[in-house]
Chemist: 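This is the structure I have questions about; it appears just below.
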Amino acid sequence: MPELPETETIARDLDRAITRARIDAVRVIRSDVLREVSARTFVRRVTGRTIARCWRRAKLVVMDLSSAEHVVVQPRFTGALLIDDGALPESERRYSTVQLSLDDGRCVHYRDIRRLGTVALMSADRFARYTSALGTEPLDPAFTAAHLSVLLRASRQAVKRVLMDQRAVAGIGNIYANEALWRAAIDPSRSAARITPAEAARLRDAIVAVLTESIAHRGTSFRDYRDASGARGGFVDRLAVYGRAGERCPRCGHRLIGTHAIDGRITVLCARCQS
DNA sequence: AGGGGAACCCGTACGC
DNA sequence: TGCGTACGGGTTCCCC
């Protein structure tokens with residue numbers, strides 16, 4: 001489930017590996033992953049372009065093309081961008097949905113097992129409009145305790161919902177919302193507006209720390225996430241609560257509980273530490 | 001406006 | 001063993 005650390009890892013890998021490569025051919029194998037353009041338009045507008053830069057915004061991997069257009073990939077649950085230098089196993093290639101052939105003989109596959117992820121092609125204007133609706137990047141210096149406090153005070157929703165609202169904070173999903181709230185010892189179901197400035201400061205630090213640490217370990221492979229080389233992320237072993245309902249709280253030893261009370265999504269917490 | 005729910009998709013788990 | 005069905009999960013869109 002690529003959230004910020006996973007999409008950041010993919011984007012950094014791609015930027016190092018394929019920036020300045022020219023896309024000689026494009027194959028759309030599963031056109032239902034495409035957004036904003038038809039398969040025919042996608043092929044016509046991407047073929048022959050050079051990749052100027054690969055980067056991340058929110059949970060999106062963005063490929064800037066020499067034409068000033070952007071290929072915007074949203075991997076959702078089971079999507080991955082895999083570089084094939086000839087050694088990509090058949091088990092990965094069989095789920096390829098879009099294939100970009102590069103001028104050096106390599107291919108970049110957007111592989112997506114369940115195909116809930118998307119690939120869009122956007123003009124510069126469209127991309128600017130699209131991304132302007134996204135919230136603050138948590139690893140940007142603008143994401144201060146005071147800023148988070150303002151965001152939280154504006155909503156009476158559960159604080160966990162606000163963290164996962166991409167219009168407020170960009171890039172946090174279920175895994176890192178659970179982890180950050182546990183680190184900050186805040187009950188995920190608390191009304192955001194009732195989080196004190198001191199708690200918001202703790203939460204801000206917890207968010208920055210967990211995202212930074214996860215990037216250092218190349219993200220969390222809970223199930224299908226892979227980096228651009230097909231490798232798993234190493235942060236899964238360092239998760240304190242996500243996927244660990246029934247186990248002991250690493251801080252106090254109390255048994256962690258899992259609940260679907262917020263948004264129908266799994267929330268794991270320590271009822272003793274997070275109250 | 002903001003909340004609720006459906007749709008998107010298919011591997012996996014589970015029931016018979 | 002084989003078949004059928006329910007489920008999950010982020011985002012978008014529609015409806016209230």
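Chain naming here is simple, since letters A, B, ... match the order of the sequence lines and numbering starts at 1 in each.
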Chemist: Ignoring the backbone of A:Ile113, work out which of B:dG11, C:dT11, B:dG3 is nearest its side chain.
Modeler: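 Ranking B:dG11, C:dT11, B:dG3 by closest atom to the A:Ile113 side chain puts B:dG11 first.
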
Chemist: Counting the atoms with a prime plus P, OP1 and OP2 as sugar-phosphate, which does A:Tyr130 contact under 4.0 Å by heavy atoms, base, sugar-phosphate, or nothing?
Modeler: sugar-phosphate

Chemist: Working note: A:Arg49 + A:Glu69, criterion salt bridge (Lys or Arg N to Asp or Glu O under 4.0 Å); need CA distance, chi angles, decisive distance, verdict.
Modeler: CA-CA 10 Å; A:Arg49 306 304 183 194; A:Glu69 293 201 291; 5.6 Å; no

Chemist: Starting at atom CD1 of A:Ile266, determine the distance to atom P of C:dG8, rounded to an integer number of angstrom.
Modeler: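 Value for this atom pair: 10 Å.
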
Chemist: A:Asp32 near the nucleic acid: base, sugar-phosphate alone, or nothing, with a heavy-atom cut-off under 4.0 Å?
Modeler: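 Sugar-phosphate only.
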
Chemist: Please tell me which of A:Asp224 and A:Arg35 maps to the more 5' nucleotide of DNA chain B, matching each residue to the nucleotide holding its nearest heavy atom.
Modeler: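 Closest to the 5' end, via its nearest nucleotide, is A:Arg35.
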
Chemist: Given atom CG of A:Asp263 and atom P of C:dG9, what is their separation to the nearest angstrom?
Modeler: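 Interatomic distance, CG of A:Asp263 to P of C:dG9: 12 Å.
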
Chemist: Quickly work out the A:Arg94 CZ to B:dC9 C1' distance and round it to whole Å.
Modeler: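 These atoms are roughly 15 Å apart.
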
Chemist: Round to a whole Å and report the spacing from CZ of A:Arg167 to P of C:dT11.
Modeler: 11 Å

Chemist: Which listed nucleotide (B:dG4, C:dT11, B:dC10) is nearest to the side chain of A:Gln166?
Modeler: C:dT11

Chemist: Of the non-hydrogen atoms in A:Trp182 and A:Cys249, which two are nearest, and what is the gap between them?
Modeler: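 A:Trp182 and A:Cys249 have their closest heavy atoms at NE1-SG, 3.4 Å.
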
Chemist: With respect to A:Phe235, which candidate in A:Ile175, A:Thr9, A:Thr220 satisfies the side chain to side chain contact (heavy atoms under 4.5 Å, CB included) definition?
Modeler: A:Thr220

Chemist: Do the ring planes of A:His70 and A:Phe127 sit parallel (below 30°), tilted (30 to 60°) or perpendicular (above 60°)?
Modeler: parallel

Chemist: Taking CZ from A:Arg76 and P from B:dC8, how many angstroms apart are they, rounded to a whole number?
Modeler: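 Atom CZ in A:Arg76 sits about 13 Å away from atom P in B:dC8.
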
Chemist: Taking only the side-chain heavy atoms of A:Tyr242 (C-beta and beyond), determine which of C:dT11, B:dG4, C:dG9 contains the nearest atom.
Modeler: C:dG9

Chemist: Mind checking A:Asp112 for me? I need base, sugar-phosphate or nothing, with any heavy atom below 4.0 Å counting as a touch.
Modeler: nothing

Chemist: Starting at CG of A:Leu116 and ending at C1' of B:dG11, how long is that distance when rounded to a whole Å?
Modeler: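 Nearest whole value for this atom pair: 12 Å.
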
Chemist: Rounded to the nearest Å, what distance is computed from the CZ atom of residue A:Arg114 to the P atom of nucleotide C:dC7?
Modeler: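 Distance check: A:Arg114 CZ to C:dC7 P gives 14 Å.
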
Chemist: Whole Å only: how far is the NE2 atom of A:His260 from the C1' atom of C:dG8?
Modeler: 10 Å

Chemist: Do any side-chain nitrogens or oxygens of A:Gln157 fall under 4.0 Å of OP1 or OP2 in B:dG3?
Modeler: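 Looking at the OP1 and OP2 atoms of B:dG3, one of them is under 4.0 Å from a side-chain N or O of A:Gln157.
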
Chemist: Heavy-atom nearest nucleotide on DNA chain B for A:Arg161 versus A:Tyr95: which residue maps closer to 5'?
Modeler: A:Arg161

Chemist: If you check every side-chain atom of A:Phe77, which of B:dC10, C:dT11, C:dG9 has the closest atom?
Modeler: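 For the A:Phe77 side chain, the nearest candidate turns out to be C:dG9.
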
Chemist: Is there a donor-acceptor pair closer than 3.5 Å between any side-chain N or O of A:Glu179 and the backbone N or O of A:Val241?
Modeler: yes

